[in-house]
There are 2 protein chains.
Amino acid sequence: MAKRFSAETYVEGILARDRVMLSRAITLIESKLPSDHDLAQQVINAVLPHAGGSVRIGITGVPGVGKSTFIESFGNYLIQEQGKKLAVLAIDPTSQRTGGSILGDKTRMELLSINPQAFIRPSPAGKSLGGVTRSTRETIILCEAAGFDAIVVETVGVGQSETAVHAMVDFFLLLMLAGAGDELQGIKRGIMEMADAIAITKADGANITKAKAARAEYQSALHLYPMSHSGWLPKVSVCSALEQTGLDTIWQTIAEYLQLTQQNGYFDKKRRNQNLQWMYEAIRQGLEENFYAHQKVKEQLPGIAEQVKEGKKSAFAAAAELLRLV
Amino acid sequence: MAKRFSAETYVEGILARDRVMLSRAITLIESKLPSDHDLAQQVINAVLPHAGGSVRIGITGVPGVGKSTFIESFGNYLIQEQGKKLAVLAIDPTSQRTGGSILGDKTRMELLSINPQAFIRPSPAGKSLGGVTRSTRETIILCEAAGFDAIVVETVGVGQSETAVHAMVDFFLLLMLAGAGDELQGIKRGIMEMADAIAITKADGANITKAKAARAEYQSALHLYPMSHSGWLPKVSVCSALEQTGLDTIWQTIAEYLQLTQQNGYFDKKRRNQNLQWMYEAIRQGLEENFYAHQKVKEQLPGIAEQVKEGKKSAFAAAAELLRLV
């Protein structure tokens, strides 16, 4: 078992902005050992009053869109030009399968990874999507308590993890490639509608014209969407991580969004609702974990599920039958 | 208590295509009396082998789009031109609040309501969204067993009910008005992405040009979406219930969709997955109903939820605390 400290030691370390202790506390909350759970919750609850003071930015896009390069450039911009302290987290439930992680290879963010104002944490390994999102959400709290005032949560635009990230951030940025068509196939339906802004990446060299055309096309398409409850109309811009262009426009967009939503109350309302949503989600997860771990359910579920799939038993009769087992 | 029959009587009546017995069986499955549940499940399981042989079409659109008029016209087209036996169901969780129902006023579908080849059933009253969707899904099974081979499930394009309908139909049709802008505001984000086809309604008289322009605009916007797993590219068409135009094009689109998805296996796969999805959903509902009905949970939830909203307690600590109560 890894070394553990008292809750006070973790809390003091985090509040003193000790990066090593922050890392250790994150390892604690990522732990699957039941004996670590109570300690982790003590730490989280103790630092909670010191959390919340960051802008939480979700960033997604298909592989190949240049996500790491963008985060490297944008992160350095936030630190150097906006004076931010930046934490970069990742939600990548696939990392459990490959054993790697989208942020595991830190060399992909060479400058950020050695910047004392940045803290990079790969996606926790060996966890389900539910487990990863839980850890990441709690990691946001720890990072904020440790003084990080810009949190970037990175995810791959190919699955359910975007919905989870969307539910834990203030602002959701979708990275897209110009040239649309095939590249779009990888983005799951619904993700575009979650975006507060779209940035067309790699708008440099011969790509600039194509990127600007894509910007116009997406901006026009976004007008077809219903307006969000925030009163915000998603914006599309172009950027180049290579040439360091367009980063200020993206930050400007985020700043405008924050100003609008903080003024009209949407920002606070969304965060409060997110908190509540996570509680109900955690309850649901807990109920289902207990149910599906039940011995009789484990034994009978496969056969009953097969009957339901084949239309031989109604879904509700099957559910009632299984619920009676526990 | 309403009159009840034996399971055999209901089943025989349904299979004999007795509309009165079909109605009574639907009333039975809509019943909230625990004593009716077992009987209802017996009936459903007995008719299940006779169900499944219809095309299930979900139809949504904001109030004012002309949904009832469209279903009246399209329904009569399906019966007269395509030889279908049509059941029209509704999912309208708001009806519990008004006490009415979007299909309660049957005079809105004058011709259909007296057509012997049509069966119209309003949204069940006094139920939660979960309850309404459950009843509606089970009603589909009963209607199919009674020989209806086209099922239309109507819903209002303003809330979560579309997701529920989308999960119980083969084909999802979104009705839109030309002139976009304000009318769109009522459509919830994400609904457009669920559509297998969009029909621009009221394309008659002075509206035709505007409707055709809207068609081009939406068709172009839909190309920006990622392709669905079905391999189907959503189609946009215009129609007029008043002038009875465009109805054949919409049916043609549905027929093309069916041909494609039945050939590539997506149709069956989707139905099997829907069955399974409803079982897991029913389990989740059952677990949560039991949990939130627990006395201690009822007592402590409000206070704990408030602390979570205010950021005074972490979502996961709160969930763990509540889960320990049962």
Side-chain angles (χ1 to χ4, degrees), chain A residues 37 41 44-45 48-49 51-52 134 137-138 141 180 184-194 217-218 220-221 223-228 271-273 275-288 290-291 304-305 308-320 322-323, chain B residues 37 41 44-45 48-49 51-52 134 137-138 141 180 184-194 217-218 220-221 223-228 271-273 275-288 290-291 304-305 308-320 322-323:
Chain A
H37 285 186
Q41 289 306 322
I44 292 163
N45 271 324
L48 209 49
R134 173 191 167 146
R137 184 165 158 84
E138 294 180 333
I141 292 168
L184 272 172
Q185 307 303 321
I187 286 276
K188 224 183 151 190
R189 291 186 157 225
I191 291 177
M192 230 174 90
E193 296 213 17
M194 296 195 303
E217 200 175 4
Y218 283 114
S220 150
H223 275 94
L224 290 173
Y225 288 110
M227 186 166 280
S228 145
R271 282 219 175 161
R272 289 161 56 104
N273 284 340
N275 287 342
L276 217 49
Q277 186 184 342
W278 282 98
M279 183 189 77
Y280 288 116
E281 175 64 18
I283 289 172
R284 190 185 65 70
Q285 274 181 30
L287 290 171
E288 291 192 333
N290 294 341
F291 177 77
I304 292 176
V308 170
K309 270 176 92 167
E310 300 304 334
K312 289 179 184 150
K313 183 170 275 182
S314 93
F316 296 99
L322 288 164
L323 286 166
Chain B
H37 285 184
Q41 288 308 320
I44 292 162
N45 271 324
L48 209 49
R134 174 191 166 145
R137 182 162 159 85
E138 293 180 332
I141 292 167
L184 271 173
Q185 306 303 319
I187 287 274
K188 223 186 152 192
R189 293 186 153 223
I191 291 177
M192 228 174 92
E193 297 214 17
M194 294 195 304
E217 201 174 4
Y218 283 116
S220 149
H223 274 93
L224 290 174
Y225 287 111
M227 186 167 282
S228 145
R271 282 219 174 160
R272 289 161 57 104
N273 284 340
N275 286 342
L276 217 50
Q277 186 183 342
W278 283 97
M279 182 188 78
Y280 288 115
E281 175 65 18
I283 290 172
R284 190 186 65 71
Q285 275 181 30
L287 290 172
E288 291 192 333
N290 294 341
F291 177 76
I304 292 177
V308 170
K309 268 176 94 167
E310 300 303 336
K312 287 177 186 152
K313 183 170 275 187
S314 92
F316 295 99
L322 286 164
L323 286 167

If I measure from the heavy atoms of chain A, does [X] come under 4.5 Å with its side chain, its backbone, both, or neither?
X	answer
B:Arg134	both
B:Glu138	side chain
B:Glu288	both

Please name the pair of heavy atoms, one in [X] and one in [Y], separated by the smallest distance, quoted to 0.1 Å.
X	Y	value
A:Ala315	B:Asn275	CB-O, 3.6 Å
A:Met279	B:Ala319	O-CB, 3.9 Å
A:Arg284	B:Arg284	CD-CD, 3.3 Å
B:Lys313	A:Asn45	CA-OD1, 3.6 Å

Nearest-0.5 Å distance, OG of residue A:Ser314 to CZ of residue B:Arg137
8.5 Å
CG (B:Leu48) and NZ (A:Lys312) are apart, to the nearest 0.5 Å, by 11.0 Å
Counting only heavy atoms closer than 4.5 Å, note whether [X] contacts chain B via side chain, backbone, both or neither.
X	value
A:Ile283	both
A:Leu322	side chain
A:Leu287	both

Which one, A:Asn290, A:Ile304, A:Val308, leads in non-hydrogen pairs under 4.5 Å with chain B?
A:Val308
Looking only at heavy atoms and a cut-off of under 4.5 Å, which of B:Ala320, B:Ser220, B:Ala305 has the most pairs with chain A?
B:Ala305
Let's test your reading of the structure: which of B:Gln277, B:Gln285, B:Glu310 forms the most heavy-atom pairs below 4.5 Å with chain A?
B:Glu310
Between A:Phe316 and B:Ile44, is the side-chain contact (heavy atoms from CB on, under 4.5 Å) condition met? List the steps.
CA-CA 10 Å; A:Phe316 296 99; B:Ile44 292 162; over 6 Å; no
